[in-house]
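Take a look at the structure below.
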Amino acid sequence: MTTTNNQSLNKSFSFQRLKEQAIFVLLFLCAFISVIVTFSIIYILLKESVLGTKDSPAFFQQQNVWDFLTGTKWAPQYGAGNIGILPLLSATLMITGISAVISLPLGLASAVYLSEYSSPRLRGILKPMLEILAGIPTVVYGYLALVFVTPYVLKPLGEMIGINVGVFNAASAGIVVGLMIIPMVSSLSEDVLRAVPKGLREAGLALGATRFDVSSKIVVPAALSGILASFLLAISRALGETMAVTIAAGVIPKLSANPFEGMETMTAYIVEASKSDATRGSVEYQSIYAVGLMLFIMTFVLNIISQYVLSRFREVYN
């Protein structure tokens, strides 16, 4: 009887170990696939823009890097002297900056309200409604900018201050991208605010502080690392936005400081050039990968900064 029980236990133990090993292998493969995909993207970008092949030289083997980074005219279809990324870069940074001005304060204010002021029932209603914004297709935001924000918000404002607002403009693109990334800022910030120990709040209230003082001087500083990381992730999201800015800002590369003019972002150019008749191996075709590499470097740097901020300013509570 004892021998039979021991055999049953051994079989059960062996099956449990086999199941654990299978789960370990599955999880490892999932992580490994994500790494392979990332390195594949990096390899393709580097191959077309830096490395090249014997039959097809890379973009930067044909074009000067300094001219690419400092040139003020973007027309790669016309060859050398017309491939400066500054018009695309300035439009991307301008729209990202406008979206950050809108999304960061609104997202943080929403997070503070949901975390510190709203009741659990109200939070259960408001948070899903806020996150619905993240589920709306980006092309809808682009058309919202085109048919509502520009004609009914920006044009009347421009007439009041004597500025002509174009049909396609960076301001409307920045506004809708800002609205689009509010849920990211709000959701991530609210999570880190709620992770702050309740004892810190109670200590502040016990000392006579108001709820606003507790929120602004205790809770927010305690969650600062997570909040800053959410800001940087949201800005990375805004940098990579494509369809909304393509529809709202237009596809004319222009180096301008006027946000009410049409201009083209880096992502919008990638969309436009991908649909063109550019021959594989041509400068115009390879410029897609050069712009993609530039965009990848920018978002990669932002992610590194966000990781540094998390590790540098992280609060540890016992």
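Source: prediction; values computed, not measured.
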If you round to the nearest 0.5 Å, how far is [atom2] of [Y] from [atom1] of [X]?
X    : Y    : atom1 : atom2 : answer
M266 : W74  : CE    : CH2   : 8.5 Å
N303 : F296 : CG    : CZ    : 9.0 Å
I235 : I305 : CD1   : CD1   : 9.5 Å
I95  : E241 : CD1   : CD    : 10.0 Å

Taking all heavy atoms of [X] and all of [Y], pick out the closest pair and write down the distance.
X    : Y    : result
P259 : I98  : CB-CD1, 4.1 Å
I85  : L69  : CG2-CA, 4.2 Å
A170 : M94  : CB-SD, 3.9 Å
L232 : L302 : CD2-CD2, 3.9 Å
P76  : I83  : CA-CG1, 3.8 Å

Taking the six-membered ring where the residue is Trp, are the ring centres of Y289 and F59 under 6.0 Å apart? no
Close side-chain approach of [X] to [Y], heavy-atom, < 4.5 Å:
X    : Y    : answer
L88  : V291 : yes
S287 : Y269 : yes
V219 : L200 : no
K155 : V165 : yes
M263 : P87  : no
L108 : F231 : yes

For residues 34-44, which side-chain donor-acceptor pairs fall under 3.5 Å, sequence neighbours excluded?
| unit_1 | atom_1 | unit_2 | atom_2 | d |
| --- | --- | --- | --- | --- |
| S34 | OG | A31 | O | 2.5 |
| T38 | OG1 | S34 | O | 2.9 |
| S40 | OG | I36 | O | 2.7 |

Please check if V271 and L89 belong to a single hydrophobic cluster, counting links between Ile, Leu, Val, Met, Phe, Trp and Tyr side chain heavy atoms closer than 4.5 Å. no
Flag yes if F260 and V167 sit in one hydrophobic cluster, no otherwise; membership is Ile, Leu, Val, Met, Phe, Trp, Tyr, and two members link when side-chain heavy atoms are under 4.5 Å apart. yes
Could you name each residue pair satisfying side-chain hydrogen bond (donor to acceptor under 3.5 Å, both in side chains) that touches residues 213-224, not counting sequence neighbours? T210-D213
Under the side-chain hydrogen bond (donor to acceptor under 3.5 Å, both in side chains) definition, can you give me all pairs with a residue in residues 92-103, not counting sequence neighbours? none
How is the hydrophobic cluster of [X] composed, in terms of its other members, when Ile, Leu, Val, Met, Phe, Trp and Tyr link through side-chain heavy atoms under 4.5 Å apart, directly or indirectly?
X    : value
L207 : none
L157 : none
L27  : I23

Does R123 have any salt bridge (charged side-chain N to carboxylate O under 4.0 Å, His left out) partners at least two apart in sequence or in another chain, and if so, which? E190
With sequence neighbours excluded, what pairs up with D191 under the salt bridge (charged side-chain N to carboxylate O under 4.0 Å, His left out) test? K127
Test E116 against every option in K198, R201, R211 by the salt bridge (charged side-chain N to carboxylate O under 4.0 Å, His left out) rule and name the one that passes. R201
Run the side chain to side chain contact (heavy atoms under 4.5 Å, CB included) test against S119 and tell me which residues pass, sequence neighbours left out. R121, L122
Going by atom type alone, with no hydrogens or angles, which donor-acceptor pairs under 3.5 Å involve a side-chain atom of residues 132-154 and a protein atom two or more places apart or on another chain?
| unit_1 | atom_1 | unit_2 | atom_2 | d |
| --- | --- | --- | --- | --- |
| Y141 | OH | L133 | O | 2.6 |
| T150 | OG1 | A145 | O | 3.1 |
| T150 | OG1 | N169 | ND2 | 3.2 |
| T150 | OG1 | S172 | OG | 3.3 |

Applying salt bridge (charged side-chain N to carboxylate O under 4.0 Å, His left out) as the test, list every pair that has at least one member in residues 247-260; sequence neighbours left out. K254-E261
Donor on one side chain, acceptor on other, Q286 and Q62, under 3.5 Å: yes
When the side chains of residues 173-189 are checked against the rest of the protein, which donor-acceptor pairs come out under 3.5 Å, sequence neighbours left out?
| unit_1 | atom_1 | unit_2 | atom_2 | d |
| --- | --- | --- | --- | --- |
| S187 | OG | E131 | OE2 | 3.3 |
| S189 | OG | V185 | O | 2.7 |
| S189 | OG | S230 | OG | 3.0 |

